[in-house]
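The next block holds one structure in the form of structure tokens; read it before the comments.
Chain identifiers are assigned alphabetically (A, B, ...) following the order of the sequence lines, protein sequences preceding nucleic acid strands; residue numbering begins at 1 within each chain. On a predicted model such as this, the values are computed, not experimentally measured, just so you know. Just so it is clear, the values below take in all heavy atoms, side chains as well, and ignore hydrogens, waters and symmetry mates.
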Amino acid sequence: MRIRDLSFSTAFNLKAVAPYDFSLTVHKPAGWSLLTPFEILESDTLWTAIRTPSGKIFGLKLRSLGTVKKPEISCDVHSLKKLSMNERKELSNTITWMLNLEEDIRQFYALAERDPLVKVLLKDLYGMRITKRSDIFPRLILAVTLQMAPIRRSDQMMNLLINEYGEKIGFNGREILYWPPPERIAKADVKELEERCKLGYRAKNLKGIAESVSKGFPAIQELERMSAEEAKAKLIELKGIGEYSADIVSPHLGFALDVWSAKIFNVLLFGERPESPRDIIPKLKKVAEERWGKWRGYVFIYVLNDLDNLSRKYNLDLTEL
DNA sequence: GCGTCCAGGTCTACC
DNA sequence: GGTAGACCTGGACGC
């Protein structure tokens, strides 16, 4: 794989609405990466990559300068060509949006006064923020590879896709592998995708999705401007994207229950393993909406990143479900 | 070793 | 409009 050397750099600092825990936000306790599984985290510095809706790829070095109560983040952006003032401004806005620096989560934390679960989550993960991404295709790859597969197999498929069809950038002495551009998957042969990335029946769907994205499927920001229902309906138009996958991809934070997380929430809320996890999903979604309202997406992410602590606290084994 | 089962959903055909 | 059944692959499990 050819390495693209991003030799131009520009730097700026960004402030966040407190509380904001940089470390918990960019590297979630459950191990989820911020933008690519191949990013590098060393103490409070993250080297990663971002692709903007225009299709350009940039190297990012993000570092925390402040504290949870007084958060500030240093951003070094590395590019192929020198950035214009407009591009610099655009990237600063994109990173602010991606890191969710301006969201005020005090309303979510206020739920802790009457909700014992939120109280525990707040104590364990204070300042952790849900992040977003500016390119839709990696979210679609995640959703497709999560279907009908244990997490290790999903990881295998994603890593193969990045290694076989992705991009490698070099900057600041680091090399980062990033997700394939949709155009490259759209051009790939289905048989080749099946064999090289072990995608199985998902290969055909992923190629079709890549074709739609490269032909102008709405960008994440456009979906964000739609209502949650409109965005979901648009996503479900893609073959291979159903209710669950649409919840994962949509920028409108939902309660994206699958069989695995349904078991966790059923044990947490009702103290027992469900007989049929798939059938219990609609009921759990309803309970979540009634109990946590618009903050249910935050509860979802906080719970899945706090399974060890919750297991200890409630004397349950949520990690082996 | 070898065979069988099934997983962090979705689509289709059939009723 | 509701619902079985098929779908790739590879790890876990029983023998």
Side-chain angles (χ1 to χ4, degrees), chain A residues 28-33 37 130 133 136-165 185 188-213 217 231-250 253-269 272-285 287-288 296-297 299-308 310-311 316-321:
Chain A
K28 302 280 190 290
W32 298 333
S33 53
I130 288 173
R133 56 180 319 137
I136 194 170
F137 194 49
R139 292 298 288 181
L140 289 161
I141 291 178
L142 171 73
V144 168
T145 55
L146 281 176
Q147 294 167 9
M148 265 309 269
I151 192 67
R152 271 191 213 159
R153 173 135 165 66
S154 305
D155 280 341
Q156 178 195 44
M157 290 185 270
M158 284 188 277
N159 289 343
L160 283 168
L161 270 164
I162 295 174
N163 273 293
E164 296 289 329
Y165 296 93
I185 301 299
D189 179 63
V190 173
K191 197 82 196 150
E192 190 184 279
L193 277 172
E194 277 177 20
E195 287 169 5
R196 287 171 70 180
C197 304
K198 301 188 189 297
L199 289 173
Y201 73 93
R202 303 169 193 83
K204 201 162 70 178
N205 287 344
L206 191 64
K207 183 177 160 76
I209 289 168
E211 284 167 355
S212 298
V213 173
F217 188 81
K232 194 164 178 174
K234 191 73 205 165
L235 284 161
I236 289 176
E237 283 176 15
L238 295 168
K239 192 166 179 295
I241 298 298
E243 173 103 357
Y244 162 73
S245 298
D247 272 342
I248 288 194
V249 178
S250 174
L253 210 49
F255 204 70
L257 285 173
D258 48 30
V259 164
W260 168 68
S261 48
K263 286 184 208 164
I264 290 170
F265 275 92
N266 207 74
V267 170
L268 209 49
L269 296 177
E272 58 181 17
R273 288 179 77 137
E275 237 172 72
S276 171
R278 210 177 288 284
D279 294 338
I280 201 81
I281 288 174
K283 182 186 166 191
L284 287 169
K285 283 190 171 188
V287 170
R296 63 193 185 283
V299 173
F300 184 78
I301 299 295
Y302 266 58
V303 164
L304 298 188
N305 278 287
D306 201 28
L307 297 180
D308 287 337
L310 289 171
S311 296
L316 301 165
D317 193 0
L318 299 169
T319 57
E320 295 297 324
L321 291 171

- For A/Glu194, the option from A/Lys191, A/Lys198, A/Arg196 that meets salt bridge (charged side-chain N to carboxylate O under 4.0 Å, His left out): A/Lys191
Contacts of type salt bridge (charged side-chain N to carboxylate O under 4.0 Å, His left out), residue [X], not counting sequence neighbours:
X: A/Arg273; value: none
X: A/Lys263; value: none
X: A/Glu272; value: none

- Query: For the side-chain contact (heavy atoms from CB on, under 4.5 Å) test, which of A/Val213, A/Ile209, A/Ile141 pairs with A/Ile136?
  - Reply: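 So the option named by the test is A/Val213.
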[atom1] spacing across the pair [N] / [M], given as an integer number of angstrom:
N: B/dC11; M: C/dG10; atom1: C1'; result: 23 Å
N: B/dT10; M: C/dG11; atom1: P; result: 24 Å
N: C/dC8; M: B/dC2; atom1: P; result: 25 Å
N: B/dG8; M: C/dG2; atom1: P; result: 27 Å

State whether the side chain of [X] and the backbone N or O of [Y] hold a donor-acceptor pair below 3.5 Å, judged by distance alone.
X: A/Ser250; Y: A/Asp247; result: no
X: A/Ser261; Y: A/Leu257; result: no
X: A/Thr319; Y: A/Asp308; result: no

- Query: Can you find a side-chain donor-acceptor pair between A/Tyr201 and A/Gln147 that sits under 3.5 Å?
  - Reply: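 Checked: A/Tyr201/A/Gln147 side chains show no N/O donor-acceptor pair below 3.5 Å.
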- Query: Which part of the nucleic acid, if any, lies within reach of A/Arg152 when heavy atoms closer than 4.0 Å are counted: base, sugar-phosphate only, or nothing?
  - Reply: sugar-phosphate
- Query: Is any NZ, NE, NH1 or NH2 atom of the basic residue among A/Glu243 and A/Lys285 found under 4.0 Å from an Asp or Glu carboxylate oxygen of the other?
  - Reply: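 Salt bridge: yes.
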- Identify the heavy atoms of A/Ala246 and A/Leu235 that sit nearest to each other, and give their distance.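 That closest heavy-atom pairing would be O-CD1, 3.7 Å.
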- A correct 5'-to-3' footprint of nucleotides 7-13 of chain B, with B, S and - meaning base, sugar-phosphate only and no protein heavy atom under 4.0 Å, is BBBSSS-
- Represent DNA chain C in dot-bracket notation, 5' to 3'. Only Watson-Crick or G-U wobble pairs with both distances under 3.5 Å count; pseudoknot-style crossings use [ ] and interstrand partners use |. |||||||.|||||||
- Message: Of all nucleotides in DNA chain C that come within under 4.0 Å of a heavy atom of chain A, which is furthest toward the 5' end and which toward the 3' end?
- Response: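 Range of nucleotides touched by chain A: C/dC7 to C/dA12.
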